[in-house]
Amino acid sequence: MRARVNGEPRDLPEDATVASVVELLGLPGTGVAVALDGEVVPRAAWSGTPVTDGAVVEVLTAVQGG
């Protein structure tokens, strides 16, 4: 299956979830926010939220500084 992750097309497994996409990107479990097709997905729902073919996933990380 193909989805767009942070603006780039990616091949993902058929059983991909929001949690598996975050893991695939090598991101930590904290300081990360995810939107799936324009809707924010609460962290508690990541493992149960499937990413479907053609989905748009935006993964944002918090950065420190000023």
**Q.** Check against side-chain contact (heavy atoms from CB on, under 4.5 Å), V57 and R4
**A.** CA-CA 6 Å; V57 183; R4 186 167 290 277; over 6 Å; no
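Under a hydrophobic-cluster definition in which Ile, Leu, Val, Met, Phe, Trp and Tyr are linked whenever side-chain heavy atoms come within less than 4.5 Å, directly or via other members, V41 and M1 are assigned to the same cluster.
The two atoms that bring L12 and A16 nearest to each other are CB-CB, 4.0 Å, heavy atoms only. Taking both residues in full, the closest heavy atoms of L36 and P50 are given as CD2-O, 3.6 Å, listed atom of the first, atom of the second, then distance.
Looking at residues two or more places apart in sequence or on another chain, you find a side chain to side chain donor-acceptor pair (under 3.5 Å) between D11 and R2.
The salt bridge (charged side-chain N to carboxylate O under 4.0 Å, His left out) contacts involving residues 32-56 comprise nothing, where partners must be two or more places apart or lie in separate chains.
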Extract all donor-acceptor atom pairs below 3.5 Å that involve side chains of residues 17-30 and protein atoms in other chains or at least two apart in sequence.
from : atom 1 : to  : atom 2 : distance (Å)
T17  : OG1    : A19 : N      : 3.4
T17  : OG1    : S20 : N      : 3.2
S20  : OG     : T17 : N      : 2.8
S20  : OG     : T17 : O      : 2.9

